[in-house]
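Comments concern the structure below.
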Amino acid sequence: MLNFLWPILIIISFLFSLINGSIENINNSIFESIDKVINITITLAGTMCLWCGLMEIVKNTSLINKLKRLLRPFLNWLFPEVKNDEEAMENISINTIANIFGLGNASTPAGIKAMESLQKINNDKKSLSNSMMTLIVLNTASIEIIPTTVIAIRSSLNSQNPTDIIVPLWISTIVGTLTGIIVTKLIIKRSKNK
Amino acid sequence: MTYFSSMIIPLFISVILFIGIKEKKNVFDLFIEGAKEGLKITLKLFPTLIGIFLAIYMLRSSGLIDFICKSISFITDFFNIPSEILPLALIKPFSGSGSIATATEIMANYGVDSTIGKIAAVIMGSSETTFYVIALYMGSVKIKNTRKIIIPALLADIASIITAIILFII
């Protein structure tokens with residue numbers, strides 16, 4: 001995608017600046033952009049270290065197991081077809097919790113393992129099962145308790161209060177996730193009726 | 001809301017450390033171990049930031065972004081959408097690091113605490129890279145029939161973007 005879009009954006013900008021008479025601006029902007037990235041990256045590195053460090057502690061406490069039990073009734077409702085398959089449910093739980101804590105490098109492997117165990121019990125191996133659809137939608141719109149990257153970037157830009165956006169972010173993610181789940185359930189219902 | 005938002009982080013850190021000590025973990029060692037990971041992530045993001053910033057800075061300084069925003073402003077004004085966030089909404093489903101970089105550029109340009117900056121931050125954080133997740137998960141089990149999974153996934157994206165705009169504009 002970017003292999004195609006990126007060069008086009010730059011070439012079009014250059015051509016437009018010829019028409020628009022802004023060739024001097026565009027020349028300066030090339031070096032300004034590098035300066036800006038370097039400034040942002042320095043602060044970003046610090047904040048990312050802080051959050052990844054804290055999340056490593058979370059990963060090693062019993063917090064994860066406690067949350068797994070807490071989430072189970074909700075996941076049973078989301079995945080009615082596989083709620084008795086312990087292997088699949090275990091991977092789905094780990095995947096969901098890793099998403100909630102923003103542990104990107106832990107959530108993807110668990111998600112893929114969950115897909116594999118769902119494929120084992122899939123009736124039509126060439127088509128997504130209902131549970132697979134739900135799992136994918138859950139992963140495209142994943143809620144994060146502490147949106148670490150957003151906070152890190154906001155503080156690297158000297159925000160007055162980098163955490164200001166947490167509550168709005170929760171709300172917008174919940175609305176997105178619910179929309180995704182409801183539409184998925186509707187698609188599943190329609191294919192059943194056929 | 002600001003008071004509550006200010007409390008979340010210190011509370012979260014304290015609770016985690018308390019649980020860590022209670023379970024007799026070497027919390028500082030664990031912290032250092034994880035922090036190294038944070039440095040790696042930043043390093044990985046750096047080249048993408050350079051690439052995307054270059055393209056968007058050039059787009060902006062050539063006057064093309066203003067030109068496009070003005071040309072479609074009759075649509076965006078009608079729905080009360082700030083047209084400044086359009087580049088982000090378009091790149092969001094396709095590229096994760098690209099959308100982080102685009103959101104960062106919008107926050108830097110319009111002010112990180114401005115309405116547009118905050119909307120950009122929420123859009124960036126509210127969902128994963130839709131097409132990437134779908135491709136990865138379907139590819140992992142070699143399934144071709146998508147059963148229109150793209151519809152709920154994209155609708156979820158659109159719903160969270162609209163919510164972000166409503167929350168800050170009204």
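All chains are named by letter (A, B, ...) in the order of the sequence lines, taking the proteins before the strands, and each is independently numbered beginning at 1.
Here Asn122(A) pairs with Gln119(A) under the side chain to side chain donor-acceptor pair (under 3.5 Å) rule; sequence neighbours left out. Shown here are the salt bridge (Lys or Arg N to Asp or Glu O under 4.0 Å) partners of Glu105(B), two or more places apart in sequence or in another chain: Arg60(B).
Nearest heavy atom pair, residue Gly176(A) against residue Ala156(B), reads O-CB, 3.1 Å. Shortest non-hydrogen contact noted between Pro168(A) and Leu167(B) is O-CD1, 3.5 Å. Across all non-hydrogen atoms, the minimal contact from Ser126(B) to Thr173(A) is O-CG2, 3.4 Å. Pairing each heavy atom of Ser33(A) with each of Phe53(B), the nearest pair is CB-O, 3.7 Å. Pairing each heavy atom of Glu23(B) with each of Asn60(A), the nearest pair is OE1-O, 4.5 Å. The two residues Ser62(B) and Ser22(A) make their nearest non-hydrogen contact at O-OG, 3.0 Å.
Side chain to side chain, Ser61(B) and Asn25(A) fail the donor-acceptor criterion of an N or O pair below 3.5 Å.
The most heavy-atom pairs under 4.5 Å with chain A, out of Ile143(B), Ile149(B), Thr163(B), Val133(B), come from Ile143(B). Put simply, of Gly63(B), Gly20(B), Ala164(B), the one with the most heavy-atom pairs under 4.5 Å next to chain A is Gly63(B). Your options are Leu39(B), Leu30(B), Ile19(B), Val27(B), and the one with the most heavy-atom pairs under 4.5 Å with chain A is Leu30(B). Between chain A and the residues Lys144(B), Lys25(B), Lys142(B), the largest count of heavy-atom pairs under 4.5 Å involves Lys25(B).
Both the backbone and the side chain of Lys118(B) come within less than 4.5 Å of a heavy atom in chain A. Contact of Leu45(B) with chain A is made through the side chain alone, with heavy-atom distances under 4.5 Å. Looking at Leu17(B), only its side chain comes within 4.5 Å of chain A, counting heavy atoms on both sides. Using a 4.5 Å cut-off between heavy atoms, Leu44(A) contacts chain B through both its backbone and its side chain. Of the atoms belonging to Ser117(A), not a single heavy atom falls under 4.5 Å from chain B. For chain A, the nearby parts of Ile50(B) are the backbone and the side chain; heavy atoms of each come within less than 4.5 Å. In this structure, the portion of Asn20(A) lying under 4.5 Å from any heavy atom of chain B is its side chain and not its backbone. Both the backbone and the side chain of Asn130(A) have a heavy atom closer than 4.5 Å to some heavy atom of chain B. Using a 4.5 Å cut-off between heavy atoms, Ile57(A) touches chain B through backbone and side chain atoms alike. Using a 4.5 Å cut-off between heavy atoms, Leu186(A) makes no contact with chain B at all. Heavy atoms closer than 4.5 Å to chain B are found in both the backbone and the side chain of Leu128(A).
Heavy-atom neighbours of chain B within the stretch residues 84-93 of chain A, taken at a separation under 4.5 angstrom, are nonexistent.
The main-chain N or O of Glu56(A) is never found under 3.5 Å from a side-chain atom of Glu33(B) such that the two would form a donor-acceptor pair.
Among pairs with a residue in residues 106-162 of chain B, those fulfilling ring-ring contact (aromatic ring centres under 6.0 Å, His included) read Phe94(B)-Phe131(B), at least two apart in sequence or across chains.
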